[in-house]
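Just so you know, ligand 1 is whichever comes first in the structure, and atom 1 is the first atom listed for that ligand.
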Amino acid sequence: MSQTHWTVLGAGSLGCLWAGYLNQAGFPVTLLHREGVAAPESLNLTRFQAEQATAFEARLTTASACPEKSISRLVVATKAHDALNAVAGIKHALTDNACIVLLQNGMGSQQAVAEQYPEFAIIAVCITDGAYRTGPGHVIHAGQGVSRVGALNKAGQKVWRQVVEDLEQTDLIIEACEDINQALWNKLAINIAINGLTALDQCLNGELMQPERYQRVSLLCQETEAVMKGLKLQLPEQGLLQLATDVIEGTAKNRSSMLQDTLRGKITEIDYINGYLVQQAERLNIEVPESLSIYRDVKQRFNQPSS
Ligand code: NAD
Ligand code: KPL
């Protein structure tokens, strides 16, 4: 049986991680990088599990362009703000029945791709792994998490199981998710509570347990709960504050992805985190002053482009 050829767009931390694991599982993989940016032909991936490190090398095809109608399975591993443009840039290479697998954090970018390209099968993945690059071709899988995989549109429903089966052959922990919208919201709620605050206060996740900051975490969770109720979404049994607290405590020594982006002077994903909540709240006529303030402060303090 011929193996699915996977094309991974975006040779950053998560793109390299996925390309590496897919290749290790025996799938042919092409890693697509930005034009003019050298990409490694081999990847050294180090995986930490219970403080034990194991390493493997993956051999990939790398490219910055693809021929017409040559991609049937595309993984988009860019940041949320680059996803729609990245797909537009590669659209000519997608086959008519192509499947697009989106790995972005937050919400809004996945829905934008699904709206723009209803003709393709759109799959979203909600990821709790942690990965970073130490140099070209070197990726550290620092935190083993779960990748919840679900269909975002009708065409996606038809191929979703096959995508899950393929991914289950890798060493990533894959969960088939019937309600990906709910899973994305649960993760969004955590990012709303943690990311903006840690960026503004330039603090570690665990430092959000300090009383003044924790008070703000609590307000952020209350606002998210109100919006999720308004959208008839399920709330976690323990409540959002407890869910966020567990993550804060479990990742106490981590720098959130948004803190890391601000330290490197990069565009943050605030538009797709607190910004997404503000948008949804406006539609529902619900006030979310804490998220609005975090959204505005991050935009202003870190000189973020207007959305
Ligand atoms: P990253 O910045 O390391 O990688 C993104 C890559 O996409 C960069 O190499 C960039 O050059 C590339 N890119 C952007 N536009 C492109 C285009 N048009 N064509 C080709 N390449 C393009 O980011 P990351 O950490 O890999 O994160 C990717 C997404 O996954 C984000 O939404 C992030 O929040 C989410 N995520 C990351 C992790 C993690 O541990 N790194 C975990 C969970 C979720
Ligand atoms: O997902 C994260 C992020 O940093 O984006 C958390 C869960 C906050 C871990 O740092």
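Among all non-hydrogen protein atoms, the one lying nearest atom 7 (C) of ligand 2 is V247 CG1, 3.8 Å. The nearest heavy-atom contact from the protein to atom 4 (O) of ligand 2 is S257 N, 2.7 Å. In terms of protein heavy-atom proximity, atom 33 (C) of ligand 1 is closest to E269 OE1, 3.7 Å. For atom 3 (O) of ligand 1, the closest heavy atom belonging to the protein is S13 N, 3.0 Å. At the top of the distance list for atom 23 (O) of ligand 1, counting protein heavy atoms only, stands K79 CE, 3.7 Å. For atom 36 (N) of ligand 1, the closest heavy atom belonging to the protein is L14 CD2, 3.6 Å. The protein non-hydrogen atom at the shortest distance from atom 6 (C) of ligand 1 is G12 N, 3.8 Å. The single protein non-hydrogen atom nearest to atom 8 (C) of ligand 2 is N195 OD1, 3.4 Å, given as residue, atom name and distance.
Between Y272 and N105 there is no side-chain heavy-atom pair separated by less than 4.5 Å. Residues R255 and T198 fail the side-chain proximity criterion, which asks for heavy atoms closer than 4.5 Å.
In terms of heavy-atom proximity, A77 sits nearest to G15 at CB-CA, 3.5 Å. C126 and K187 get closest at one heavy-atom pair: SG-CB, 3.5 Å. The two residues G10 and L31 make their nearest non-hydrogen contact at O-CD1, 3.9 Å. Minimum heavy-atom separation, H5 to S72: O-OG, 4.5 Å. Closest heavy-atom contact between L241 and S218: CD1-CA, 3.7 Å. Residues V227 and Q280 approach most closely at CG1-CB, 4.0 Å, considering heavy atoms.
Looking at T251, T128, N191, it is N191 that brings a heavy atom closest to atom 6 (C) of ligand 2.
Heavy atoms from both the backbone and the side chain of T78 come within less than 4.0 Å of ligand 1. Contact annotation for R133 and ligand 1: no heavy atom of the residue comes within less than 4.0 Å of the ligand. Only backbone heavy atoms of A77 (N, CA, C or O) come within less than 4.0 Å of ligand 1; its side chain stays farther off. No part of M258 comes within 4.0 Å of ligand 2, judged by heavy-atom distances.
Classified by interplanar angle (parallel below 30°, tilted 30° to 60°, perpendicular above 60°), the ring pair W185/Y276 is tilted.
For ligand 1, the atoms closer than 4.0 angstrom to any heavy atom of G10 are 7 (O), 12 (C), 21 (N). Of all atoms in ligand 1, numbered sequentially from 1 with element shown, those under 4.0 Å from a heavy atom of A131 are 39 (C), 40 (O), 41 (N). Distances below 4.0 Å separate heavy atoms of D82 from the following atoms of ligand 1: 14 (C), 15 (N). Near L9, meaning under 4.0 Å from one of its heavy atoms, ligand 1 places the atoms 19 (N), 20 (C). In the vicinity of N105, heavy-atom distances shorter than 4.0 Å reach the ligand 2 atoms 5 (O). Every atom of ligand 1 is numbered from 1 in the order shown, and the set under 4.0 Å from a heavy atom of K266 is 2 (O). Close contacts of ligand 2 with S256, meaning ligand atoms under 4.0 Å from a residue heavy atom, involve 4 (O), 10 (O). Residue L103 has at least one heavy-atom neighbour below 4.0 Å for each of these atoms of ligand 1: 30 (O), 35 (C). For ligand 1, the atoms closer than 4.0 angstrom to any heavy atom of D129 are 40 (O), 42 (C), 43 (C). For ligand 2, the atoms sitting less than 4.0 Å from at least one non-hydrogen atom of N205 are 9 (C), 10 (O), numbered in the order shown with element in parentheses. Listed by number with element, the atoms of ligand 1 under 4.0 Å from a non-hydrogen atom of G130 are 40 (O).
Side chains of D129 and H141: a donor-acceptor N/O pair is present below 3.5 angstrom, by distance only. For the 3.5 Å distance criterion, the side chains of Q49 and T54 fail to qualify, holding no donor opposite an acceptor.
Look at N85 and you'll find every heavy atom at least 4.0 Å from all atoms of ligand 1. Distances from ligand 2 to the non-hydrogen atoms of K187 include at least one value under 4.0 Å.
Between R34 and ligand 1, an N or O atom pair is found at a separation short of 3.5 Å.
Between R213 and E290 there is no salt bridge, since no side-chain N of the basic residue sits under 4.0 Å from a carboxylate O of the acidic one.
To the nearest 0.5 Å, atom CD1 of residue I294 and atom CG of residue N274 are 6.0 Å apart. Rounded to the nearest 0.5 angstrom, L103 CG and S13 OG are separated by 12.0 Å.
By the rule that hydrophobic residues join a cluster once side-chain heavy atoms approach within less than 4.5 Å of another member, V75 and L152 end up as members of separate clusters.
Under the 6.0 Å cut-off for aromatic ring centres, Y21 and F56 qualify, their centroids lying closer than that.
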